[in-house]
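Whatever order the structure lists them in is the order used to number ligands and atoms, beginning at 1.
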Amino acid sequence: MTMTIDARILKALRAAGSNGMPGTEISRQLGVSRAAIWARIEELRTAGYKIIASPHHGYQLISGPEGLVADDLISRLENPRVIGREIRVFRETRSTNEIMEKLAVDNLAEGIVVFAESQTAGRGRLGRRWISPPGKGLWFSILLRPPLRPQEMTRLTIASVTSIARALRNYLGLKPEIKWPNDLLLRGRKVAGILTELNTEPDRIKYAILGIGLNVNLEARDLPDDLHSFATSLLLELGRPLDRAELAVQLLREIDRDYERICTGQFDTVAREWSQQCRTLGNYVSATVGPNQVRGWAESLDTDGALIIRNDHGHLQRIIGGDVFIENA
Ligand code: BTN
């Protein structure tokens, strides 16, 4: 992982907590002159970090800036295996998936994450839009080069939605439900979605772009009227705004964990966790696959992540894309 001096200073200050850390100590730990440390700390202050200096304790990090800062996120991630080895933050972009497409062709290593404070043309699945107002959510894309065949790509989506669900459960005590394959619901309303885009060769995935949108601090007025009954945000559910940077770090850690699992033949473990939270399984559903409509009981998940539906004639059908609606809810 390439950590800038700023990221290393922030990491050291965060570890020191309220004890603070003298400039001489930071300088020794980082192998950088005291003057350079002082200059960087001045810069960090300008960027919105509140860092106080006292004769007894040295430097103390009190708070960070409002927005997402790449160095800050990197400094909080403890040695990621793959996800988050490199992070970039854009203030405004059309879509982080679009930015990633451009980066991916440069043979960039997998694991880079691109965040945007806002997207002007955020994309959802099936050609839908994704509302991404500034500073209110986590809109990001991850570049992956998984050792999977193109038909196994649903595993990626299943793994990442499981990671996000776990982060919301463990970190915020929420009980999210998963709607196959990749919607995350709170009290029946969508709070997060994933758009996976692939570049494939006949039998391997060259790269995958995992685009994740999580509605964090959106208020009701941030959502268009037609979405009010379908969408929600963590703020609307919890009644308080959340620290997006901290949440982002939790998400990346969990995604890193599940990505390792699916790359090392442990999709079963992920699938089991996914099934426990899945709202779709065990229900009578209708699925729209292109022009066709399939109806039946959602029975299980196949080893590649496909949804297995037993249709009205008792036959099993595999669903690998499209939309699934629960009919008996
Ligand atoms: C869906 O549920 O339809 C998928 C939504 C995915 C939204 C995210 S936000 C970050 C990334 N960039 C995009 O344009 N879309 C994804």
Side-chain angles (χ1 to χ4, degrees), residues 67-68 70 73 83-84 87-104 112-144 153-154 156-165 167-168 176-186 188-199 207-218 222-224 226-227 229-234 244 247-248 251-252 255 274 278-280 287-289 305 307 319-326:
L68 300 171
L73 295 173
I83 315 289
I87 295 179
R88 298 191 194 169
V89 178
F90 290 77
R91 202 173 59 77
E92 183 181 286
T93 173
R94 283 174 48 78
S95 150
T96 53
N97 272 31
E98 266 180 39
I99 296 212
M100 200 56 101
E101 256 157 51
K102 296 200 179 94
L103 295 176
I112 178 171
V113 186
V114 167
F115 285 89
E117 288 289 5
S118 80
Q119 299 184 117
T120 52
R123 308 203 286 245
R125 282 172 72 227
L126 310 171
R128 297 183 186 129
R129 72 204 152 134
W130 187 262
I131 306 294
S132 327
K136 300 267 177 144
L138 288 173
W139 331 120
F140 62 106
S141 300
I142 306 175
L143 176 65
L144 297 172
M153 84 106 163
T154 307
L156 273 182
T157 315
I158 299 275
S160 42
V161 79
T162 306
S163 318
I164 303 170
L168 299 188
E177 286 184 315
I178 298 169
K179 178 169 164 276
W180 184 89
N182 64 351
D183 286 358
L184 210 56
L185 312 181
L186 287 172
R189 293 190 171 136
K190 181 155 162 173
V191 71
I194 301 173
L195 174 68
T196 314
E197 294 181 303
L198 296 186
N199 187 309
Y207 63 80
I209 296 173
L210 206 62
I212 297 175
L214 173 63
N215 294 343
V216 184
N217 291 333
L218 283 86
D222 295 317
L223 292 166
D226 59 322
L227 289 185
S229 47
F230 303 105
T232 188
S233 75
L234 296 176
R244 284 180 307 135
L247 198 52
L251 295 182
L252 297 183
I255 297 171
W274 179 90
C278 179
R279 187 166 187 248
T280 313
T288 327
V289 183
L307 182 69
I319 310 291
I320 52 165
D323 249 344
V324 173
F325 298 97
I326 297 172

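- At least one donor-acceptor pair closer than 3.5 Å links the side chain of Thr280 to the backbone N or O of Trp180.
- Regarding atom 6 (C) of ligand 1, its nearest protein heavy-atom neighbour is Arg123 O, 3.6 Å.
- Between Trp139 and ligand 1, no pair of N/O atoms sits closer than 3.5 Å.
- At least one N or O atom of Thr96 sits closer than 3.5 Å to an N or O atom of ligand 1.
- A donor-acceptor pair is defined here as one N or O able to donate and one able to accept, closer than 3.5 Å; such a pair exists between the side chain of Asn215 and the backbone of Thr232.
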#### Entry: Pair Phe140-Leu214, side chain to side chain contact (heavy atoms under 4.5 Å, CB included): steps then yes or no
CA-CA 9 Å; Phe140 62 106; Leu214 173 63; 5.5 Å; no
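- No donor-acceptor distance shorter than 3.5 angstrom exists from the side chain of Arg88 to the backbone of Ala70, with no hydrogens or angles considered.
- Which parts of ligand 1 touch Asn97 is read off a 4.0 Å heavy-atom cut-off, strictly below it: atoms 11 (C), 12 (N).
- The shortest N or O to N or O distance between Trp130 and ligand 1 is not under 3.5 Å.
- Contact annotation: for Leu126 versus ligand 1, there are no heavy atoms closer than 4.0 Å.
- For the pair Ser132 (side chain) and Trp130 (backbone), a donor-acceptor distance under 3.5 Å is present.
- Salt bridge annotation for Arg129-Asp226: present, with a cationic side-chain nitrogen under 4.0 angstrom from a carboxylate oxygen.
- Of the polar atoms of Asn182, none of the N or O atoms is found under 3.5 Å from an N or O of ligand 1, judged by distance alone.
- A donor-acceptor contact closer than 3.5 angstrom links the side chains of Ser141 and Asn97.
- The proximity of Lys190 to ligand 1, defined as any non-hydrogen pair under 4.0 Å, is limited to the side chain.
- With a 4.0 Å heavy-atom cut-off, ligand 1 is reached by the side chain of Gln119 but not by its N, CA, C or O.
- Set against the non-hydrogen atoms of Gly122, the atoms of ligand 1 under 4.0 Å away are 14 (O).
- In terms of protein heavy-atom proximity, atom 3 (O) of ligand 1 is nearest to Arg125 N, 2.6 Å.
- The backbone N or O of Leu138 lies less than 3.5 Å from no partner atom in the side chain of Arg244, so there is not a single donor-acceptor pair.
- Short contacts between ligand 1 and Gly124, defined as distances under 4.0 Å to a heavy atom of the residue, involve ligand atoms 1 (C), 3 (O), 4 (C), 5 (C).
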